[in-house]
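The structure appears below as structure tokens.
Order of the sequence lines fixes the chain letters, A, B, ..., with proteins taken first and strands second; residue numbering starts at 1 for each chain.
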Amino acid sequence: MIDAKKPLLTMQNVSVTANNHKILNNLNLTIHEKDFITVLGANGAGKSTLFNTISGNLLPSSGHIFLQEQEITNWSVIQRTKFLSRVFQDPKVGTAPRLTVAENLLLSLHRGQKRRLRNRHLKQHLGQFQQITQAMYNDLDQHLNTATENLSGGQRQALSFLMAVQVRPKLLLLDEHTAALDPKTSHTLMTQTNKYINKDRLTCLMITHQLDDALQFGNRLLVLDQGKIKYDFDATQKSQLTKEQLLQIFERAN
Amino acid sequence: MSMVVSSIGQGLLWAILGVALYLTFRILDFADMTVEGTFPLGAATAVTAITHGLNPILATILAFVAGSCAGLLTGLMYTKGKIPVLLAGILVMNACLSVNLRIMGSANISLLGKKTIFSNSFLKSLPNYFDSVCVGLILMIVITLLLAFFLQTDLGQAFIATGDNPKMAHSLGINTDNMTILGLVVSNGLIAVGGALIAQNNGYADINMGIGIIVIALASIIIGEVAFGELTLNQRLVAVICGSILYRLVLLIVLQLGFNTNDFNLISSLILATCLILPSLKNKLHLSNVLKKGLTPYDRR
């Protein structure tokens, strides 16, 4: 089965400079619809900068970024939240600690929209929140009215993930979202993440340091080095790739 | 007895400061020093307007506008000018001193013989000191209801999220700069209304009446929290009002002990420091266990 691949996000010769140092160096990348791309790279290779550039937290010093046909190079973070959502590595970053699980979900229900002086209607949404939290299999549904600061790290990351996908994003950025969790919790969240992305056919970019995860999940694998994409494996190449080969790539890069 | 009524009245009038500061200090999570300038700014604006013949209610609304403008300045300096919020607040507070002198024309204006909010005939018919209880109560009910409504709206939730986790709020498309500015505008507007009311209640505006205001406002917040513990957000607003009244009652007791009004600022700081230390002290000394033990009948220990 061959999908006619439609480009969703295109980066053309994008450079990002900080302190006279090019963190992204004439980077070219086309993300197609329904791509689930895992991103590898040593520290300082530019993975986080790539995400910050896509999300609008960093503006490129040169180059262009397009969403489908529309140029979005100078769009603000807030404008980009209309089509993009993000899960961070640190469980503390993704949720508001003093607000309850339900209140956090309600906030993300309006991602990218103007917030109005209109009753929030929390109760009307509880049923829906119950349903989506149940799917994470970690008792999150029992804690809808708990302040998120009282949740475990795994529950907070699961909540961050739900908040990112509740309103379907055109592009989902996962920034090592399981890295701060213990191996078992990390594995559970990664399994749920994969299930959800495949079920909803989301377009997703996932940074990881786990070579196994990078090989196991997704249909495309990028290796970043010195602000450039060094390798871009498609689904077929990726399926033949072994962990040993990946390790060699890293050793050569260093 | 009349002293107690007077304290409750003062507590209710001053409670507006606590509730206003709650928006920035507890929800947005920073200390806004602007209030030390906007409190006398509100007083100066209202008193000057009244002496020029403006209706006292309109004069109080004018004070709100003046305070909001000062809050807007702090907000712009902080969010757009990237000046640390403490410094931005101090700059505006300092500027307010000159502005207030310009508005008043002298360091002190009396309202003697002028109509104020408190010269309403119904309020005059009440027993001594009940006028401030009445005005304070009505105002606090209105403000608390409005704030409680606001905080339950989508906009209010975005405001709370901004204080709770700005990075998350921003990544959900919330304009955190605007939320911060909104908080500073409303908070300082309300502080100025407090200044306008207290000046009308005292019968004068004085250039120095802003000194130590932030401590008084903080005291009502902290006393409310220490006295009532874990609460929902709406209950917390009421707790701040109760905290303000408790603070006045404590001051009354202190006065009865023989201190005079010149010691107020020293005592205010002492009360606030005590309340801030209390929670950690309680943990260290296991005070709650001791209290529980003391309250349990011997045979059930």
(request) Check whether B:L151 gets within reach of chain A through its side chain, its backbone, both or neither, counting any heavy atom under 4.5 Å. (result) neither

(request) Tell me, for A:K92 versus chain B, whether the close heavy atoms (under 4.5 Å) come from the side chain, the backbone, both or neither. (result) backbone

(message) Between A:S85 and chain B, with a heavy-atom cut-off of 4.5 Å, which part of the residue counts as in contact: side chain, backbone, both or neither?
(response) neither

(message) Between A:R111 and A:Q166 (side chain of the first, backbone of the second, donor and acceptor by atom type, cut-off under 3.5 Å), is there such a pair?
(response) no

(message) Test your reading of the model: is there a side-chain donor-acceptor pair from B:D154 to the backbone of A:R115, 3.5 Å cut-off?
(response) no

(message) I'd like to check the side chain to side chain donor-acceptor pair (under 3.5 Å) partners of A:T95; sequence neighbours left out, ordered by chain and number.
(response) A:R156

(request) Over all heavy atoms of both residues, which pair between A:G94 and A:S160 is shortest? Give the atoms and the distance, please. (result) CA-OG, 3.7 Å

(request) Considering only heavy atoms, give the residues of residues 72-88 of chain B separated from chain A by less than 4.5 Å, sorted numerically, with 'none' for an empty result. (result) none

(request) Check whether the side chains of B:S171 and A:R86 place a donor and an acceptor atom closer than 3.5 Å, and report yes or no. (result) no

(message) Tell me whether the rings of A:F217 and A:F36 are parallel (<30°), tilted (30 to 60°) or perpendicular (>60°).
(response) parallel

(request) Please check if the side chain of A:R80 supplies one atom and the backbone of A:W75 the other of a donor-acceptor pair under 3.5 Å. (result) yes

(request) Check whether any side-chain heavy atom of B:E230 lies under 4.5 Å from a side-chain heavy atom of B:R236, and answer yes or no. (result) yes

(request) Below 4.5 Å from any heavy atom of chain A, which atoms of B:L233 appear? Answer side chain, backbone, both or neither. (result) neither

(request) With a 4.5 angstrom heavy-atom cut-off, could you sort out which part of A:R98 is near chain B: side chain, backbone, both or neither? (result) both

(request) Quick one: which of A:I78, A:L109, A:L107, A:L84 has the most heavy-atom pairs under 4.5 Å with chain B, could you say? (result) A:I78

(message) What I want to check is whether the side chains of A:T193 and A:H177 have a donor and an acceptor closer together than 3.5 Å.
(response) yes

